[in-house]
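These notes are about the structure you will find just below.
Numbered from 1 within each chain, the chains take letters A, B, ... in sequence-line order.
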Amino acid sequence: MDRQGACRDPVWKYFQSVQYGTHGNFSRLSHPTFLPRFEFQDVIPPDDFLTSDEELDPILFGTLRGQVVGLRYYTGVVNNNEMVSLQREPNNPYDKNAIRVNNVNGNQVGHLKRDLAAALAYIMDNKLAQVEGVVPYGANNAFTMPLHMTFWGKEENRKVVLNQLMKHGFKLGPTPKTLGLSLESSWSSGRAGPSYNMPAHVAVQMTTEQLKMEFDKLFEDLKEDSKTNEMEPSEAIETPLLPHQKQALAWMISRENSKDLPPFWEQRNDLYYNTITNFSEKERPENVHGGILADDMGLGKTLTAIAVILTNFADGKPLLSKRSKKNQPRKEYKDETVKLRGSKTNKEADGLSTLEPSRCSEEPGVSDIQENKKYPMSELSSFCPKRRKIAVQYIESSDSEEMETSELPQTMKGSSKVKEDTEFAHALASSASVTKKKMLKKGASVMKGSKKCDTGERTRTTLIICPLSVLSNWIDQFGQHIKSEVHLNFYVYYGPDRIRDPALLSKQDIVLTTYNILTHDYGTKDDSPLHSIKWLRVILDEGHAIRNPNAQQTKAVLDLEAERRWVLTGTPIQNSLKDLWSLLSFLKLKPFIDREWWHRTIQRPVTMGDEGGLRRLQSLIKNITLRRTKTSKIKGKPVLELPERKVFIQHITLSEEERKIYQSVKNEGKATIGRYFTEGTVLAHYADVLGLLLRLRQICCHTHLLTNGMSSSGPSGNDTPEELRKMLIKKMKLILSSGSDEECAICLDSLTVPVITHCAHVFCKPCICQVIQNEQPHAKCPLCRNNIHGDNLLECPPEELACNSEKKSKMEWTSSSKINALMHALIELRTENPNIKSLVVSQFTTFLSLIETPLKDSGFVFTRLDGSMAQKKRVESIQCFQNTEAGSPTVMLLSLKAGGVGLNLCAASRVFLMDPAWNPAAEDQCFDRCHRLGQKQEVIITKFIVKDSVEENMLKIQNTKRELAAGAFGTKKTDANEMKQAKINEIRTLIDL
DNA sequence: ACCGCCGGGTGCC
DNA sequence: ACCGCCGGGTGCC
């Protein structure tokens, strides 16, 4: 059986597509200008790209026996059957080929024997194969021990590896049935394990939805009691919790207070033993006092987290709503209460004097309430719909240097983001300025001095890190859900005036900040205050923000110290199992903190369809995550009873004129693409294909969207530099406007200052510059490994971007068939019920602009939300729309991808999807912004689809993708050629060839 | 004996 | 290491 597969088959995106026994070799497209974003396996542009491929090595080359020597010089010990890792030691003074052998903990056990090292060094240095070791027996030997090695690599490297070994007189042995896991035999009681036959399948193509389904399957049989107990929250919480939230609360608190060993560890005599790696040690491995709350969007993760904070406030006890009641002095903390009241005289201040704290001198009593009244929940900011105000401490800095943008992260510098963020910070702070007091902040030396007092001290502070887009949501929710008489020290660590004082921060109950701020602080030379505190608890909201292990952001997060750690995310596995690893390493789950062990014990086995690996993954996930979907049930009742959601497709017939334009563009394109078909170069000209499709999609919406014809010339090989430049810029514009995800493969975030490399890959300028800096002098493109250089990055000239929209505005406005249909529907709806609010969604922001005209003309009050808007404007727009008062907007123009997860637009109960998305999941996500908790009405979605057009064809493909959704983690085999053919057929379908 | 054999010293890379 | 390897002592049976 030919089991070819591409490393980049769609599963690659999800499960790293490591495939077993593959022979094919078109993993990388050789065509340098090929845009990996649009790899042929997936006409639907993939969600995003994984970054640097410290590529997994999918194929087992074979095994080898060797020796570990020099045991007596090192302290690292191993058990029989324990996994070890091999590490090159190029600077060893005795042998430049030296290879260290380390146990699971990273302690050196010995070295590989010299002759073996001589053969392996080359292989390891050039990453021709991943060599993994297990000590089969003889672990207690005094001088040397045997080593069983397994070689994994890419098919294309097999030969050179074998040759290299042969040159040194080594020959790989047969691949055993155990898939090289070898641990299997002993991890469940020492019997010879079940034989792990080569999986007879490779992973099947999966869409994001399918992946999610697969992930949810992992939870199907997990109905343990530990997750069905319910718990009432602290009385400080005003909002009654739903049953599933009470369950989450109980589970999370039990995890925070748990004394169990972490998963896969057991106690054996006086040792703690890891059943996966067979590693053991005396020291008790710390369990994760936390985990992953992976509830679907809209199930109230934020509220649940707030409940956890207040209910397991200190020493396993809740924060009471009236802290100052007699008999409930917060003994251990009362001395730490910092009062940031400028007007109060400052008494003894121990290093904090500049912050004017005063100590509670007496037993807290009634008077104390008043004294503490500084941040009552009843004075919360106008961010809360309920008109509560949150106690955000805002302290004006007198140090103007603090405000300089020079302090902002490199990556933010020069981008418009900075200004937005800063603006937003001011908006935030000023709205919270009820308690605003001028505070003088003097030199950092005082801070540092005071920080020292804090080190080692346990704080009661919870640090919450979230994306900027949900920062205000957190503030709102604290305001909404906590009783007004509860005093909570809450500090939004954000904006140029944020106080970088660990002493102040560690006296808060809650510190809220964003990933960007955290990362920026971490990157600056001075100690980041956030990193000098031992937090009681760190909560990562939208935890997949750290899914890229190489991102600075991830490093900053991983470096936080906390007793309890939580990740909130609706999508724990967004693209690949890899994503989970970042989360696990944040949770400090031994031994997975180290990539190698995660990879060897779970990721690769699972990807290859190995039962044991899947079992381990399941058991791991079961242990540390709680997940409910919208359709989950509690005691037979759905978790959420959402009103129905109906999707209608309304077919649109183009006007004669539109049709004429459509046909002419189509015919022209068809001729070109048809030529590619006959030449067999369709896939190589994929960008052109996309370009054509884009233009057709635009015409379906409005002929004014039609961007200047992409001349269909590809690279001819002997272009002048200027031609090359033009072509690349054109490509970049295409990528930016094609409606695919405009994400940078390095930061996995939306592109800020996009640049294109000569190999035609688009990144954020700051991101790619960082890469070039790090890898100099021989930087390689993270996507295709071609050489790149800082000098030949091309930026999109701003005029080019700007002129597009200007040109449009100069044109006289005309309607289009789709606009007519929309307006008809909206007007009819208004007649029926003027209170109903609608979302009008498109991928083309210029289209949204075109829609503004008739909305105005017909007297609609509307608002707009798209990716280009400043954060402050977004918040305003959302609040304005969510407002239900008379005269509030009834229509929101929404760009498909605007707003992060968690965007709540439940005031709308109608959605008009103006154009189909490549990715059906993106559509669903958009619908969910109004079909979510808080939605009281039936949600009706109308998709406008132009008859007899590319849009209809897109629907067809969407549907077949959905139908494919049956497979399990790789139960279907997909032949590479089949796949290739399938993609070509998709293109055929799309343009009716 | 420019060998073999013996037994002591010695030991990762 | 109850090994291998090294190099010095030694040398018929």
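For the pair A:Arg537 and A:Trp566, the cation-pi criterion (under 6.0 Å, within 45° of the ring axis) is not fulfilled. The cationic group of A:Arg268 lies under 6.0 Å from the six-membered ring centre of A:Tyr273 and within 45° of the ring axis, placing it in a cation-pi geometry.
Residues forming a side-chain contact (heavy atoms from CB on, under 4.5 Å) with A:Lys171 (at least two apart in sequence, or on another chain): none. Partners of A:Tyr74 according to the ring-ring contact (aromatic ring centres under 6.0 Å, His included) rule, which considers only residues two or more places apart in sequence or in another chain, are A:His111. Legend: residues meeting ring-ring contact (aromatic ring centres under 6.0 Å, His included) with A:His531, ordered by chain and number and at least two apart, are A:Tyr522. Partners of A:Arg284 according to the side-chain contact (heavy atoms from CB on, under 4.5 Å) rule, which considers only residues two or more places apart in sequence or in another chain, are A:Leu261, A:Tyr272.
Across all strands shown, C:dA1 forms no Watson-Crick or G-U wobble pair with both distances under 3.5 Å.
A:Arg565 contributes atom CZ, which lies 11.0 Å from atom NE2 of A:His289 (distance to the nearest 0.5 angstrom).
Annotation: C:dC13 and C:dG8 have their C1' atoms spaced 25 Å apart (nearest Å). Separating the C1' atom of C:dC6 from that of C:dA1 is a span of 15 Å, rounded to the nearest Å.
Here the closest non-hydrogen pair linking A:Ala118 and A:Asn97 is CA-ND2, 3.7 Å.
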Atom pairs under 3.5 Å: protein N/O with N/O of nucleotides 3-5 of chain C:
none

Collect all protein-nucleotide pairs involving nucleotides 9-13 of chain B in which both atoms are nitrogen or oxygen and the distance is under 3.5 Å.
unit_1	atom_1	unit_2	atom_2	d
B:dC12	OP2	A:Tyr73	OH	2.3
B:dC12	O2	A:His111	ND1	2.8
B:dC12	N3	A:Tyr74	OH	2.8
B:dC13	OP1	A:Arg114	N	3.0
B:dC13	O3'	A:Asp95	OD2	2.4
B:dC13	O2	A:Asn92	ND2	3.2

